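Here the structure is a predicted model, which means the values were calculated and not measured. In what follows, every chain begins at residue 1, and chains take the letters A, B, ... in the order their sequences are listed.
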Number of protein chains: 2
Amino acid sequence: MNNVNRNPRGEGDRLRAQLLEAATAMLAESEDPESVSVRAVTRRAGVSPTALYLHFQNREELFRAVSEECFARLGAAMAGAAEGIDDPREQLNAIGHAYLRFAREHPGHYAVLFQRHLEPKPEDDETKLGMEVFESLVNVVRRCGVPDEDAFDYGVLLWMGLHGRAAVASAMPGFPFPDEDRYVKLLEERVVG
Amino acid sequence: MNNVNRNPRGEGDRLRAQLLEAATAMLAESEDPESVSVRAVTRRAGVSPTALYLHFQNREELFRAVSEECFARLGAAMAGAAEGIDDPREQLNAIGHAYLRFAREHPGHYAVLFQRHLEPKPEDDETKLGMEVFESLVNVVRRCGVPDEDAFDYGVLLWMGLHGRAAVASAMPGFPFPDEDRYVKLLEERVVG
DNA sequence: ACCGTAAATGAACAATGTCAACCGAAACCC
DNA sequence: GGGTTTCGGTTGACATTGTTCATTTACGGT
């Protein structure tokens, strides 16, 4: 690994970004998280395997960082879907669709979000980011005219309903789910109907 | 690995059962599926690593078999919880609790059920077993007096709601879920209320 | 006693995550 | 400008993993 393009002084963090990008890209392509190995990621970034340890404590931490990135992307997809819609129920519908679509189109990115973490960090930035995305969902629920103290609970039910379908559809492709359209409608009708 | 207790002729399949049991037990204890390695399992069974390949095509297939076993256990837990209860809504409640309890008490066993399979078998016995467990849930829903054509959909919603909570609670321990009691009640009230 | 064959082993390979030691050049000091 | 530090990175090694192939053991019918 004779990396000629070494980063200039004080900007070593650039490699961190490159590694993150490489890992994220590989996760999008290969979709088998095991194949996103330290060596594969560093190879892709054009550096030696151990260079990763200059910027991440270990592979797990790299994945945590990827996870944050993916949470942000999911959040963006949901926000983008709700944009330009006034009726909160229609917003919910659009958000539900965007959620399932994201999970279907980026299975690797979605899966990494809900991976078990072996050593959960105390100040879990990732959980915090997930919370943010969730909060925005609750806000839409709140505008649906449900009792204010129920908005959180209903938000949870919606999220779990979406995650459940996303996860199981990916793990058990044979299961005869209602199609996404019907499912989202069904779910939201029951929860905030 | 001088295994003195070699299995008698024609009963080599007994090792298969032992390996399955070993893997299942380890998954219950360690809860990190990666640590349930071929070598660890065979070591536990008192046999050489390659002996596994006499009974399973590869590690993946071992996990699929474990998964079937765990589906059966989950199904048994749910059935056991419903036993002796007449009112279908109370049955649902008990089933929901049993489901979440199983996931909480046996996170390894639960996680293996919904793992992504890289090479999904065409005749997926596992999906079939999952379907059976699910069918029994739908039957209870049916007895709740919901329109017959809705029972399947509501069953899906219930299952997804349960799975969602089980999965996310395990992946994001920090998330402020309603406790299990309240969650189950909430979910079932909304879906079959 | 013998021998086919079912049951299992052993050595080996490539790939992985990670550690400890090392290197090269860019930036600072005088 | 020459010397020194230190940032950004590499080398080499180790233990462990899944898996293959060739080999060995011992059961059980003859």
Side-chain angles (χ1 to χ4, degrees), chain A residues 1-23 26-27 30-67 108 112 115-119, chain B residues 1-23 26-27 30-67 108 112 115-119:
Chain A
M1 289 291 163
N2 243 342
N3 192 3
V4 181
N5 309 8
R6 183 205 290 242
N7 281 320
R9 231 90 199 286
E11 302 189 31
D13 279 352
R14 284 215 309 229
L15 179 55
R16 187 190 150 98
Q18 288 172 230
L19 291 170
L20 232 156
E21 193 188 323
M26 298 190 66
L27 200 58
S30 74
E31 154 179 352
D32 174 16
E34 291 309 292
S35 87
V36 181
S37 63
V38 171
R39 298 177 120 99
V41 170
T42 51
R43 205 179 305 135
R44 178 150 179 157
V47 298
S48 75
T50 52
L52 187 137
Y53 295 89
L54 299 174
H55 301 287
F56 301 94
Q57 248 185 0
N58 48 33
R59 184 175 182 249
E60 169 95 4
E61 203 186 275
L62 168 67
F63 272 77
R64 250 202 291 274
V66 171
S67 185
V112 81
Q115 241 173 357
R116 281 191 70 75
H117 304 308
L118 305 177
E119 32 162 320
Chain B
M1 288 290 162
N2 241 341
N3 191 4
V4 181
N5 308 8
R6 183 204 285 243
N7 280 321
R9 234 93 201 282
E11 302 189 32
D13 279 355
R14 285 215 307 230
L15 180 54
R16 186 190 150 100
Q18 288 172 231
L19 290 169
L20 231 155
E21 193 189 321
M26 298 190 67
L27 200 58
S30 74
E31 155 181 349
D32 174 16
E34 291 310 293
S35 86
V36 181
S37 63
V38 171
R39 298 175 119 99
V41 170
T42 51
R43 205 179 304 134
R44 179 148 177 158
V47 96
S48 77
T50 53
L52 187 137
Y53 295 90
L54 299 174
H55 302 287
F56 301 93
Q57 247 185 1
N58 48 34
R59 184 175 183 249
E60 169 95 3
E61 204 186 274
L62 168 67
F63 272 76
R64 249 202 292 274
V66 171
S67 185
V112 81
Q115 243 173 355
R116 282 190 69 77
H117 303 309
L118 306 178
E119 32 163 319

Quick tally for nucleotides 11-22 of chain C: nucleotides whose base has a protein heavy atom under 4.0 Å get B, sugar-phosphate-only ones S, the rest -, giving BB---BBBB---

Checking D/dG9, C/dT9, C/dA8 against the side chain of A/Leu54 (C-beta onward), the nearest is D/dG9

B/Met26 and B/Ala40 have their tightest heavy-atom pair at CE-CB, 3.6 Å

From CG of B/Leu19 across to P of D/dT19 the rounded distance in Å is 14 Å

To the nearest 0.5 Å, atom OG of B/Ser48 lies from atom CG of B/Leu54 at 7.5 Å

The side chain to side chain contact (heavy atoms under 4.5 Å, CB included) partners of A/Ala17 (sequence neighbours excluded) come to none

The single option from A/Val47, A/Leu27, A/Val36, A/Leu20 that satisfies side-chain contact (heavy atoms from CB on, under 4.5 Å) with A/Val41 is A/Val36

Minimal heavy-atom distance between B/Glu34 and A/Glu34, with the atoms involved, is OE1-OE1, 3.4 Å

In whole angstroms, the gap separating P of D/dG8 from CD of A/Gln18 amounts to 13 Å

